[in-house]
Amino acid sequence: MIDRKALRTDASAMEEALKKRGEDVVAPDSTWKKSLTLDAQQRQLKSESEKLQAERNKVSKIIGLKKKNGEDASAELQSMAEVGKQTKLLDIKAKEAEVAFNLALLETPNIPHESVPDGQDESDNAEIRRWGSPRTDTVPAHWDIGEDLGILDFDAGVKLAGSRFSVLKGAGARMERALIQFMLDKHADVHGYEEVWVPVIANRKTMTGTGQLPKFEDDLYRLEGEDAFLIPTAEVPVTNLYQDMILDATQLPIKHCAHTSCFRREAGSAGRDTRGMIRQHQFDKVELVQLVHPDQALTALDDLLSHAAAILEALELPYRLVNLCAGDLGFSAEKTFDLEVWLPSQNTYREISSCSSFGQFQGRRAGIRFREEGGKPQAVATINGSGLAIGRTMVAILENYWQADGSVNIPLALQPYMAGLQKIQTKPTA
RNA sequence: GGAGAGAUGUCAGAGUGGCCGAAUGAGCACGCUUGGAAAGCGUGUGUACAGCAAUGUACCGAGGGUUCGAAUCCCUCUCUCUCCGCCA
């Protein structure tokens, strides 16, 4: 969440910044305006209540003393009974204001970093650079390539679980595993991330810590009868590993990579990418997470971005780097770079990794703090990104490595992970 | 799934209604001592909110209740541990 103190000292600047991402900061009942008034209200009520409590504590002590000495304290008792009632009333009001304030603040998105370009949506994103030379010949869609090779089975996915699920077979399943292995090795051995393995179920607090809740509950799979959810990304459990901790400044930066399955209801994307493996309810992803000193956030973002890009380059997949405009920024992000891989069948670049700096937004929510020598605890900055989405990487390989005879070559870097297999071919029909 | 025990500060651990934000010990920091170290001695050592500050308020797993007053009494929940059952 955004800094509560800054809310008071810097409100107008924040308002301007939030406006850029399309947030309503004008309407009196907007989350933003509500948080401003509730903040003032809450502090007012609390301060009144605290005054009464100080009075009560003082007199209560006197009552204790008097009783001990066998003196009469009925006058004090009576007046305190009244004070007690008033305090209780004020406390209830203050609590209400605080709960409402917290909700408003938890639903307020992050402030875009000043280096984020203006713009309303995807079309205003700024392309930074391109890598590789995209093929321009006609290539079938990955679902046709995969089904023809017998490595992708969408009907089976539908039968087992429903739409937006798929089944991988043979070399397809093997490639899924190989990609996970390949990416984790690279990040753990070369890029300096400590590998972690985490639960794919997270409770409400954890989901709130990284920003998925309270606002986006509809996008999550919730477990029946429990206040727990399937994770939409490993960012959630990995970042929250440090929830409610005060770290020592010398421990930073902390860098973790993890592979998990990810689960998304795709509630708002009915009709988009319904065919194929681009948008599934369940997919594998290797995630990169860094916890850093707030001064290092943007440097770390570049660092992490280079690690994600290194995977695409190792697999020799053409991509471009895009700087998301303010209007296209995710809820918790202060700045985001997307890596988009070339998909020849669609003749376009499609997102395969999203690398963001969250500033101290998640650190504040999740209570992840650090202390510098002799200083007060302050929230860490968090950075994360996909490194990469496995399913989309496979899609990119199928299409970019497709050969006119229907076969698909295996990227050189991946061959060792596939028992030296160089090419996926149709099984000769008997 | 069944039965029992427990949750206190960095850690260990005391505390059953006021003198408790919390004994004691350990750890850590600083100082004294020492040729140096150990020991010893002394001082300090949580977080959050409000305030320029003095200070005030809250926090003893979480939430609620009783009371003038709760770490302490009552209720609900969560988690941990032990035993039994089941099990990759």
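In what follows, chains carry the letters A, B, and so on, assigned in the order in which the sequence lines appear, proteins first and then strands, with residues in each chain numbered from 1.
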### Query
Closest to the A:Lys95 side chain: B:G64, B:C68, B:A50?
B:G64
### Task
Once you apply the 3.5 Å cut-off to both distances, tell me the Watson-Crick or G-U wobble partner of B:A12, or none.
B:U24
### Task
Both distances under 3.5 Å, Watson-Crick or G-U wobble: report the partner of B:G1, or none.
B:C84
### Query
When you compare B:C30 with B:C19, how far apart are their C1' atoms, in angstrom units rounded to a whole number?
31 Å
### Message
Looking only at the side chain of A:Lys88 (C-beta and beyond, no hydrogens), which of the listed nucleotides B:G69, B:U66, B:A50 gets closest?
### Response
B:U66
#### Entry: Whole-Å P distance, B:A26 and B:U43
14 Å
#### Entry: Length of the line joining A:Glu98:CD and B:A58:C1', which is rounded to integer Å
11 Å
### Task
Would you please confirm or rule out a distance under 4.0 Å between OP1 or OP2 of B:A58 and any side-chain N or O of A:Arg56?
yes
### Task
Choose from B:A50, B:G56, B:C68 the nucleotide whose nearest atom is closest to any side-chain atom of A:Ala81.
B:C68
### Query
If you pin A:Gln378 and A:Asn57 to their nearest nucleotides in RNA chain B, which one's is more 5'?
A:Gln378
### Query
Roughly how far apart, to the nearest Å, are B:G85 and B:U67 at atom P?
48 Å
### Task
Take A:Tyr242 and A:Phe370 through the test ring pair (Phe, Tyr, Trp, His ring centres under 6.0 Å) and record every step on the way to the result.
CA-CA 10 Å; A:Tyr242 298 92; A:Phe370 74 101; over 10 Å; no
### Message
Taking any heavy-atom pair under 4.0 Å as a contact, classify A:Arg204: base, sugar-phosphate, or nothing.
### Response
nothing
### Query
Charged N to carboxylate O below 4.0 Å: is that the case for A:Arg222 and A:Asp227?
yes
### Query
Within 45° of the six-membered ring axis of A:Phe358 and under 6.0 Å from that ring's centre, is NZ or CZ of A:Arg365 located there?
no
### Task
Take atom CG of A:Asn102 and atom P of B:A48, then tell me their distance rounded to the nearest Å.
16 Å
#### Entry: Touch class at under 4.0 angstrom, heavy-atom based, for A:Gln53 against every strand present
sugar-phosphate
### Query
When you check the gap from the basic side-chain N to the acidic O, do A:Glu266 and A:Arg164 get nearer than 4.0 Å?
no
### Heavy-atom side-chain contact between A:Gln362 and A:Thr239 under 4.5 Å
yes
### Summary
Paired to B:C30 by Watson-Crick or G-U wobble criteria (both distances under 3.5 Å) is B:G42
### Query
Expressed in angstrom and rounded to an integer, what is the separation of A:Lys376 atom NZ from B:U47 atom P?
6 Å
### Message
Using whole Å, what does the distance between atom P of nucleotide B:U47 and atom CZ of A:Arg364 come to?
### Response
18 Å
#### Entry: Of the listed nucleotides B:C68, B:U67, B:U47, the one nearest the side chain of A:Pro377
B:U47
### Query
Nearest-Å distance, CD1 (A:Ile246) to P (B:U10)?
8 Å
### Query
Out of B:C68, B:U57, B:A48, which nucleotide sits closest to the side chain of A:Ile63?
B:C68
### Message
Using the side-chain heavy atoms of A:Lys61, tell me which of these nucleotides is nearest: B:C19, B:C49, B:C68.
### Response
B:C19
### Query
Thinking salt bridges, do A:Lys205 and A:Asp244 make one under a 4.0 Å N-O criterion?
yes
### Message
Using atom C1' in both nucleotides, what's the gap between B:A14 and B:A23 to the nearest angstrom?
### Response
6 Å
### Task
Would you indicate whether the side-chain heavy atoms of A:Met394 and A:Leu168 approach each other to under 4.5 Å?
yes
### Message
Using a strict threshold of under 4.0 Å (side-chain N to carboxylate O), is an ion pair present between A:Glu76 and A:Lys61?
### Response
no
### Task
Pick the P atom in B:A71 and in B:U57, then give their distance to the nearest Å.
13 Å
### Query
If you look at every strand shown and take non-hydrogen atoms under 4.0 Å, does A:Lys67 touch a base, only sugar-phosphate, or nothing?
base
### Query
A:Arg369 has a side chain; which of B:G18, B:A48, B:G51 sits nearest to it?
B:A48
### Summary
By nearest-heavy-atom nucleotide on RNA chain B, the more 5' of A:Arg371 and A:Ser47 is A:Arg371
### Query
Counting any heavy atom closer than 4.0 Å, what does A:Lys66 reach on the DNA or RNA strands: base, sugar-phosphate only, or nothing?
nothing
#### Entry: Distance between C1' atoms of B:U10 and B:C28 (Å, rounded)
8 Å
### Message
Only pairs with both distances under 3.5 Å count, Watson-Crick or wobble alike; so what is the partner of B:U55 in this structure?
### Response
B:A50
### Message
Return the pairing partner of B:U67 with a 3.5 Å limit on both distances, Watson-Crick or G-U wobble; otherwise return none.
### Response
none
### Message
Between B:A5 and B:C74, how many Å separate the two P atoms, rounded to a whole number?
### Response
14 Å
#### Entry: Atom pair distance, as rounded to whole Å: CG in A:Asp227 and C1' in B:A62
14 Å
### Query
A:Leu45 CG to B:U57 C1': how many Å, rounded?
15 Å
#### Entry: P gap between B:C73 and B:G18, integer Å
12 Å
### Query
Taking atom P of B:A58 as reference, at what distance in whole Å does atom NZ of A:Lys46 sit?
10 Å
### Base-pairing mate for B:C77 - Watson-Crick or G-U, with both contacts under 3.5 Å
B:G61
